[in-house]
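Chain A is the first sequence line, chain B the second, and so forth, proteins listed ahead of strands; every chain is numbered from 1. Basis for what follows: all heavy atoms, side chains included, without hydrogens, waters or symmetry-related copies.
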Protein chains: 2
Amino acid sequence: MTNRIEARYWIETAYPLELAAASIAGEQSTGTFVSVPGETDALRSRCAARVERIVELANADEPSLPGSGLPKAWDGQRHTAEVTFSWSLDNMGPSLPNLLATIAGNLWELKAFSGLKLLDVKLPSAFLDAYQGPQFGVVGTRRLCGVPKGVLLGTIIKPSVGLSPEETAERVRILAEAGIDFIKDDELQADGPHCPFASRVPAVMRVLRVHAERTGKKVMYAANITGEVDEMLYRHDLVAREGGTCIMISMNSIGLPALKVLRKHSRLAIHGHRNGWGMFGRSPAIGMSFVAFQKFWRLAGIDHTHVNGLRNKFCEDDASVIASAKECLTPMFDAAGRGCEVMPVFSSGQTVRQAADTFRALGSTDLIFACGGGIMAHPKGIAAGVRSLREAWDAAVAGIPLADYAKSHGDLRSALERFAA
Amino acid sequence: MTNRIEARYWIETAYPLELAAASIAGEQSTGTFVSVPGETDALRSRCAARVERIVELANADEPSLPGSGLPKAWDGQRHTAEVTFSWSLDNMGPSLPNLLATIAGNLWELKAFSGLKLLDVKLPSAFLDAYQGPQFGVVGTRRLCGVPKGVLLGTIIKPSVGLSPEETAERVRILAEAGIDFIKDDELQADGPHCPFASRVPAVMRVLRVHAERTGKKVMYAANITGEVDEMLYRHDLVAREGGTCIMISMNSIGLPALKVLRKHSRLAIHGHRNGWGMFGRSPAIGMSFVAFQKFWRLAGIDHTHVNGLRNKFCEDDASVIASAKECLTPMFDAAGRGCEVMPVFSSGQTVRQAADTFRALGSTDLIFACGGGIMAHPKGIAAGVRSLREAWDAAVAGIPLADYAKSHGDLRSALERFAA
C-alpha cells in the first residue's frame with residue numbers, strides 16, 4: 001500500500017475544473033491566498049497535495065450553495081465532477097484528528113465552490129499501527145450474543161425518554177422472553193435524572209442475567225454510556241461488572257479522540273450510534289457521505305453502526321442504505337484479519353416486509369435487524385412479532401417468497417396482514 | 001433562569017407548520033413512528049418537548065433538500081419558519097454530548113422537512129455547574145499578552161505545512177521582532193514527521209523567551225496540540241514547561257468531551273480553531289449556525305475562536321461574520337463573571353482596509369486581528385506591516401478616516417497603496 005492518503009469529493013464550480021481542484025490542493029497543504037516566502041519548489045514537491053483524478057459530470061444550472069465566486073472571464077458553465085486528491089502521510093502522520101483538519105477542514109468555505117461533498121477516503125495501513133479498530137466486529141458480536149448464523153434481531157427501548165429504571169427493566173424482560181437477540185437504549189436516554197444510568201443498568205442486567213440462567217441465552221444490551229470521558233469509562237466498568245456485553249455511544253456527540261480512549265479501555269462491544277449524521281449526509285451538495293464517515297469510526301474502534309433500513313421512515317433512499325451497509329462489511333485495509341469490518345444495524349420502520357429485499361441487496365445475514373413497531377404491533381404479541389421476523393428471514397435466506405412461506409407459518413402470516421406492503 | 005433548554009431552528013416543510021413542529025418535538029423526546037405502550041400522558045407531560053414559538057416566513061418554491069415527503073392532501077405550499085422548541089433539563093441532565101443527541105440528533109433525517117438548520121440555543125445555568133467555561137477569555141488573554149487595550153495583532157505561520165522546526169522558529173523570530181502580539185500554527189501543522197511538535201515548540205519558545213527578555217514583550221504563540229487525548233495533555237505540558245501561554249485545538253477534530261478533559265488540565269489559554277465549520281454553516285438549508293455552535297465550545301472551555309473577517313477570502317458574508325463575533329463577546333449566562341465570553345479572531349484576507357469597518361460593526365477592540373499577506377506583503381517589510389495595522393486601528397478607534405491619518409503615518413500610507421480598496 002502506498003504512503004499517501006486519498007480522498008474523493010463531489011464538487012461544483014464555475015471555475016475550470018483543473019483550476020478549482022488545484023485551489024483545494026493548495027489551501028489544504030502548502031498554499032495561502034498570496035505567495036509567501038518559504039513556499040519553495042522543494043517544500044511543494046514534498047508536501048503539496050496532488051490532484052489524482054478528475055471525472056467530469058453533468059453541468060449544474062444553478063449554484064447549490066450561496067457565497068461562491070465566478071472567474072473573471074466566465075464561460076457560463078457550472079461544472080460538476082468527482083475529484084480525487086492525495087496527500088503524503090508525512091503531512092500530518094497517522095492521526096485521525098489531524099487527518100480531519102486536512103481532508104474535512106476549511107475547504108467548505110472556499111469561494112471557488114458552490115458545492116462540495118466528501119465521498120470516500122482511503123488510508124494507508126500506517127493508521128492500523130496507531131488505532132485499534134473494532135475489538136469484536138461481526139464475529140465477536142455473534143459470539144457474545146450466541147448467534148453463530150442468521151441475522152441478529154434487535155429492538156430499541158421506547159418511549160425514548162421518560163421510563164424509570166424499573167420500567168425499562170420490565171420492558172427488557174418482556175423483550176428477552178419474546179426471544180430478541182439485541183436491545184439498545186434510545187440515543188436520547190443516557191443518564192438523565194429520570195432514569196439514572198447507575199440504576200438502569202443494574203436493573204436491566206438483573207433481568208438479563210435471570211433470563212440467561214433460565215434459558216442459556218445472553219441477550220446483548222447496548223447501554224448508552226454517552227457522556228464525558230470519565231463518565232464513559234465509569235459506565236463501561238459498571239456494565240462490565242454487571243455482566244453486560246455492549247456499550248453504546250453517540251459518535252457525533254463524543255468525537256474520535258474520546259472513542260480512542262474508550263476503545264483502549266473497553267472489554268465490551270461498542271455500538272456506534274450515528275445520530276446527527278443527517279446533518280452531514282442528507283444534502284448532495286455539502287457534507288460527508290456515510291461511506292467516508294464510518295471509516296474514521298471503525299478505525300477508532302466501533303463494532304456496530306447504524307445504516308437506516310430499506311424503505312425507512314427517514315429520508316435516506318435505499319441505494320444509500322445498502323451502500324453504507326456493504327461498506328461496513330468491506331475491509332478498509334488489506335491486512336489479514338484487520339480489515340476493521342463492523343456489523344451494520346438496520347432500523348427505522350423495519351418489518352417482515354424488508355427482510356427479503358435486505359438479504360438480496362446485501363447478500364449477507366451479518367447484520368442487526370432492529371424493529372420497534374415491527375415487533376410490538378404484531379397482532380399476537382411481542383413473542384409472535386419476534387418469531388415472525390425470524391420466519392421472514394428464514395424465507396429470505398431460503399429464497400422462498402414471503403406469501404408462500406406464510407402459508408405454513410402463522411406468525412409471519414399475521415405480520416403480513418398487519419404490516420401492509 | 002428556567003430549567004428548560006431552548007433551541008431555535010429554521011425549517012422548511014410541505015406540512016402544516018404546527019404538525020411539522022410537533023413531529024420534531026415527538027421524535028426528539030417521547031415519541032416514535034407508532035404509538036407504543038408506556039407513552040402515557042404523565043410521561044408526556046414530564047418529558048415531551050414543547051413547541052414554544054413559530055414565526056412563519058415566506059414560502060419556498062422548491063424543496064432545498066432531497067428526500068422530503070408531502071402530506072396526503074397537500075395544499076401546494078412549502079412553508080418556512082423559525083421554530084423554537086424547549087426540553088426539560090431532566091430529559092438529559094446538564095451534559096453537552098447528550099444535549100447534542102437531543103437538539104442536533106436524528107432530526108435532519110425527518111421526512112417532514114426539506115430544510116432544517118439549528119440557529120441558536122439557550123441553556124439553563126445548571127450547565128455552569130457541570131462545565132468550566134473559558135479560563136482566560138478576553139481579560140485573561142490581554143493579561144497573558146501584556147496588551148491591556150486595543151486589538152491584538154496576530155498572524156499565522158505559513159506555508160501551512162512543510163517548514164522544519166528551525167524554519168518555523170526563524171519565522172517566529174522575524175514576526176516577534178516586527179512587533180506582533182499573537183502567532184498561531186496553521187491547523188494543518190500539529191505533529192507531522194516534517195515538523196514534530198516536540199522539536200517545534202522548544203525551538204519557537206526559545207526565540208520568544210529571548211525576545212521577551214530583550215523587550216519585555218511576551219508574544220502569545222498558539223501551538224497546535226490537536227491530536228489524541230493523551231497527546232494533547234502531553235503537548236499542553238510541554239508548552240507550559242517552555243513558558244508558552246496558549247494551545248490551539250481544531251474543535252471539530254477533537255470533540256467536546258476531549259476539550260472538557262483538556263480544559264480541566266489546562267493552565268494555558270485555549271485557542272479554538274473552527275476548521276470544518278463550513279460543513280455545518282455554509283448552507284442556509286441544513287446544518288448549524290456558528291452562533292449556536294460556539295456556545296457549546298465556550299461552555300466547554302475555549303478562550304478564543306475564529307469568525308473569519310469582513311470581506312474575507314472565504315464565502316461567509318459580513319453580516320454573518322459580525323453576528324458571530326458579537327456573540328463571542330455576549331454573555332451566554334446571567335451569572336456574574338461567568339458569561340463565558342471569548343475573544344473573536346478575525347482572519348482571512350485581512351489588511352488595514354478592514355480595521356475601521358470592523359471596529360464600527362463590533363464596537364469593540366476585544367479581538368485578535370490576524371493578517372498574513374496583510375503584514376508580509378507590506379512594501380517596507382514586516383515591521384512596517386505590523387505598524388501600519390496599529391495605525392489603521394488607532395485611526396479606527398479615533399474615528400479618523402484612513403486617508404487622513406495616512407497623511408501623517410507613512411507605514412499606513414504605504415499599506416493603503418499596496419492593498420487597494
Beyond-backbone contact of L188(A) with M92(B), side-chain heavy atoms, under 4.5 angstrom: no
Measure across H194(B) and C47(A) and return the closest heavy-atom pair with its distance rounded to 0.1 Å. CD2-SG, 3.8 Å
Bottom line for V161(B): the part with an atom under 4.5 Å from chain A's heavy atoms is both
Top contributor to chain B interface from E187(A), H273(A), M232(A) [non-hydrogen pairs under 4.5 Å]: E187(A)
Looking at chain B, which one of K111(A), E316(A), E167(A) has the largest number of heavy-atom pairs inside 4.5 Å, strictly under? K111(A)
Which distance, rounded to the nearest 0.5 Å, do you find between the CZ of F296(B) and the OG of S253(A)? 10.0 Å
Most heavy-atom pairs under 4.5 angstrom with chain A, which of C195(B), G93(B), P193(B)? P193(B)
If I measure from the heavy atoms of chain B, does F197(A) come under 4.5 Å with its side chain, its backbone, both, or neither? neither
Checking side chain to side chain contact (heavy atoms under 4.5 Å, CB included) against N275(B), which of T102(A), N106(A), L100(A) comes through? N106(A)
Check the pair N312(A) / E109(B) against side-chain hydrogen bond (donor to acceptor under 3.5 Å, both in side chains), numbers first and verdict last. CA-CA 10 Å; N312(A) 60 78; E109(B) 304 202 40; over 6 Å; no
Qualifying residues under side chain to side chain contact (heavy atoms under 4.5 Å, CB included), relative to S88(B), sequence neighbours excluded: R4(B), D90(B), N91(B)
When rounded to the nearest 0.5 angstrom, what is the spacing between NZ in K117(B) and CE in M279(A)? 10.5 Å
Toward chain B, the part of S250(A) with a non-hydrogen atom under 4.5 Å: side chain
For the candidates G67(B), S64(B), A48(B), which exhibits the highest count of non-hydrogen atom pairs separated by less than 4.5 Å from chain A? G67(B)
Approximate separation, where rounding is to 0.5 Å, of I254(B) CD1 and L256(A) CG: 11.5 Å
What part of V229(A) gets within 4.5 angstrom of chain B, counting heavy atoms only: side chain, backbone, both, or neither? both
Salt bridge (charged side-chain N to carboxylate O under 4.0 Å, His left out) evaluation trace for E231(A) with K260(B): CA-CA 12 Å; E231(A) 292 170 339; K260(B) 188 173 196 284; over 6 Å; no
Please rank G192(B), C315(B), G278(B) by heavy-atom pairs under 4.5 Å with chain A and give me the top one. C315(B)
Partner residues of S289(A) under the side chain to side chain contact (heavy atoms under 4.5 Å, CB included) criterion, sequence neighbours left out: V291(A), A292(A)
When rounded to the nearest 0.5 Å, the distance separating CG of L163(A) from OG1 of T40(B) is 8.5 Å
Rounded to the nearest 0.5 Å, what separates atom CD in E27(B) from atom OG in S160(A)? 7.0 Å
Heavy atoms only, distances under 4.5 angstrom: which of P66(B), A190(B), A258(B) has the most pairs with chain A? Name it, please. P66(B)
Applying a strict 4.5 Å limit to non-hydrogen atoms, the region of N252(A) in contact with chain B is backbone
Closest-packed option against chain A by number of heavy-atom pairs under 4.5 Å, given G255(B), G162(B), A104(B): G162(B)
For chain A, which candidate among A112(B), S95(B), S283(B), A285(B) shows the most heavy-atom pairs at distances under 4.5 Å? S283(B)
Which region of S68(B), side chain (C-beta onward) or backbone (N, CA, C, O), has a non-hydrogen atom less than 4.5 Å from a non-hydrogen atom of chain A, or is it both or neither? both
If you apply the rule salt bridge (charged side-chain N to carboxylate O under 4.0 Å, His left out), what do you find for E228(B) with K264(A), and how did you get there? CA-CA 12 Å; E228(B) 304 302 338; K264(A) 190 174 177 192; over 6 Å; no
